[in-house]
Structures are given as C-alpha cells and as structure tokens.
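Notes for the one structure printed next.
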Amino acid sequence: MKISNGNRELVEQIRLEGIKNKLVLNAILLVDRANFVNEQSKARAYLNAALPIGAGQTISQPYVVARMTELLMGSRRRLSNVLEVGTGSGYQAAVLSKIADKVFTVERIEELYLKALSLFLKLNYNNIFCLYSDGTDGWKESAPYDGIIVTAACDVLPEKLLSQLSNGGNMVLPLLSDDGSYYITVLHKEGDILSKNLYDSVLFVPLLKGKE
Ligand code: SAH
C-alpha cells in the first residue's frame, strides 16, 4: 500500500503533540485521511484540524482521534469488538479497523451513513459494520464490546452503552464535566466497579436523539 507524504507528516505532527502508542501511530499512518474529507477540503486533509463533512458535522482533529484510540486501547495490544457512536466521515472507524478485529459504527444522519458505507466498500474496509440508528441505544446484537467510543459531545453519560461494555473494557467519550467543559473521559469496567478518569478538554458536535 502506498502511504502519502502528507499522512507521514500528519503522523509526525501528532507524535510531537504527545501520542506515544506505536500501534495507534501506525493505524493513523495506514489510513489516508484525504479519502475521508470533502473535495473542497482535500488541500487541508493532512492538517491537524477538524474539517466540515456536510450535514453540519465535522471530521475530528487527527490528534483527538489518536488520543481517544490510545485511551480506548489502554495497555492492550489489540481489541476484538469495538462500537463507535457517530460514524460521521468514517475516519475514526477506519483507524479503529486497524487495531480491532471488528468495528461496529452507528450514525443518526442517513446522508452520512450512506456516504461512509459506500466509502468502506470502495476502500475494502471489510471489518467495519455500519448501522443507521440512534447510537445512544448502542448495537445490542453484536454486544458486548471490549471498547466503546462516542465521537459526539455527551451532556450525560449514555447509560445504555455501559451495559454493552464487556468486563475489563474501556468506554471513551467527550463528557460534560462539573466545570462546564467537555473532557475526553475514560470509564473502565471491572466487575461491579466503574472507574472514571478525565483527560484533554475537547470540542465536539453534540450527541443528538433520534434519526435524520
Ligand atoms: N467519528 C467521526 C466524527 C463525526 S462528528 C469521524 O471520524 O468523522 C460526530 C457524528 O456523530 C456526527 O456525524 C453526528 O451525526 C453523529 N451523532 C450525533 N448524535 C448521534 C447519535 N445519537 N447516534 C449516532 N450518531 C450520532
């Protein structure tokens, strides 16, 4: 597979910003971000910036994609079953497909769901499965997941998702904190115990109810 110079520079940039996990850096390297941005944004595809993808939504900043993926993995070298809520452009799912056996991703906007679905088919991402649905309900049929990632801002914890997280699994999401800001938050399930840790402060489009 040919890796573009742009993607190499992008990986170097996020490494300098503090992403250390080599498996994550390699996953970012293997996914050409230019495939996931609109025609108008191609020139900016390799910048470490969020970009518009249509329907009022954005493809996340690559550093944030890498950071959330790193936190999702924790000390594990590979995941088996991962759920993503908020397919958007499909970029985060494509990155996850390099570190997980299967990726299940849910999107509530039909236009974005259809676009991502055809992109995954065209680019042969055979271990990504898409669903057009309200992702706050998760995807019960393929649960439990050893990793769950939400890529839209949550004002409250989506409780239903937690019930689909396997023992020992991590759930990573941008969650509203007491200080009024959103932080990348990691919930780790160990038996009956749920631990919670806050990381970078981030901006995401909101998690919404229902379908469009
Ligand atoms: N992971 C995406 C980021 C997309 S932005 C990427 O790599 O490009 C967040 C996405 O979450 C938007 O597409 C938005 O429509 C979607 N979203 C918001 N609320 C949702 C919900 N309840 N269920 C599923 N998707 C949702």
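Along the sequence shown, residues are numbered consecutively beginning with 1. One-based numbering, in listed order, for ligands and for the atoms of each.
Figure legend: R108 and Y132 shown without cation-pi pairing, the cationic atom not lying both under 6.0 angstrom from the six-membered ring centre and within 45 degrees of its axis.
With hydrogens and angles left out, the side-chain atoms of D155 and Y182 include a donor and acceptor closer than 3.5 Å. Side-chain contact annotation: K98 with N127, donor-acceptor N/O pair under 3.5 Å absent. Using modelled atom types and a 3.5 Å distance limit, the side chains of T87 and E107 yield no donor-acceptor pair. When only modelled atom types and interatomic distance are considered, D32 and Y46 share a side-chain donor-acceptor pair under 3.5 Å.
Residue, atom and distance of the protein heavy atom nearest to atom 23 (N) of ligand 1 are G135 N, 2.7 Å. The closest protein non-hydrogen atom to atom 15 (O) of ligand 1 is E107 OE2, 2.6 Å. Of the protein's non-hydrogen atoms, the one nearest atom 3 (C) of ligand 1 is T58 O, 3.6 Å. The protein heavy atom nearest to atom 18 (C) of ligand 1 is P206 O, 3.6 Å. Looking only at protein heavy atoms, the nearest one to atom 20 (C) of ligand 1 is R108 CD, 3.2 Å. For atom 11 (O) of ligand 1, the nearest non-hydrogen atom of the protein is G86 CA, 3.2 Å.
The backbone N or O of L176 lies less than 3.5 Å from no partner atom in the side chain of S181, so there is not a single donor-acceptor pair. Between the side chain of Q61 and the backbone N or O of Y63 there is no donor-acceptor pair closer than 3.5 Å. K42 places a side-chain N or O within donor-acceptor distance of the main-chain N or O of V37, the cut-off being under 3.5 Å.
Heavy-atom proximity to Q92, at under 4.0 Å, picks out these atoms of ligand 1: 1 (N), 7 (O). In summary, the atoms of ligand 1 found under 4.0 Å from a heavy atom of S60, numbered by their order in the structure, are 3 (C). Each of the following atoms of ligand 1 lies closer than 4.0 Å to a heavy atom of T151: 1 (N), 2 (C), 3 (C), 5 (S), 9 (C). Atoms of ligand 1 found under 4.0 Å from any heavy atom of I109 (numbered from 1 in listed order, with element): 15 (O). Under a 4.0 Å criterion applied to the non-hydrogen atoms of V205, ligand 1 contributes the atoms 5 (S), 9 (C). Shown in contact with T87 at under 4.0 Å from a heavy atom are these atoms of ligand 1, numbered in order with element: 1 (N), 2 (C), 6 (C), 8 (O). If you number the atoms of ligand 1 from 1 as listed, the ones under 4.0 Å from a heavy atom of S89 come out as 6 (C), 7 (O), 8 (O). Set against the non-hydrogen atoms of I59, the atoms of ligand 1 under 4.0 Å away are 8 (O).
Of the N or O atoms in L208, one or more lie within a sub-3.5 Å distance of an N or O in ligand 1. Considering backbone and side-chain N/O atoms, L112 never comes within less than 3.5 Å of an N/O atom of ligand 1.
Classified by interplanar angle (parallel below 30°, tilted 30° to 60°, perpendicular above 60°), the ring pair F120/Y125 is perpendicular.
Residue A93 does not touch ligand 1, judged by heavy-atom distances below 4.0 Å. With a 4.0 Å cut-off on non-hydrogen atoms, Q57 touches ligand 1 through its side chain and not its backbone. Proximity of E84 to ligand 1, defined as any heavy-atom pair under 4.0 Å, is confined to the side chain (atoms from C-beta onward).
For the pair Q57/L112, a side-chain contact is recorded, criterion being any heavy-atom separation below 4.5 Å from C-beta on. For the pair L51/R33, a side-chain contact is recorded, criterion being any heavy-atom separation below 4.5 Å from C-beta on.
Rounding to the nearest 0.5 Å gives a distance of 5.0 Å between CG of D146 and OG of S166.
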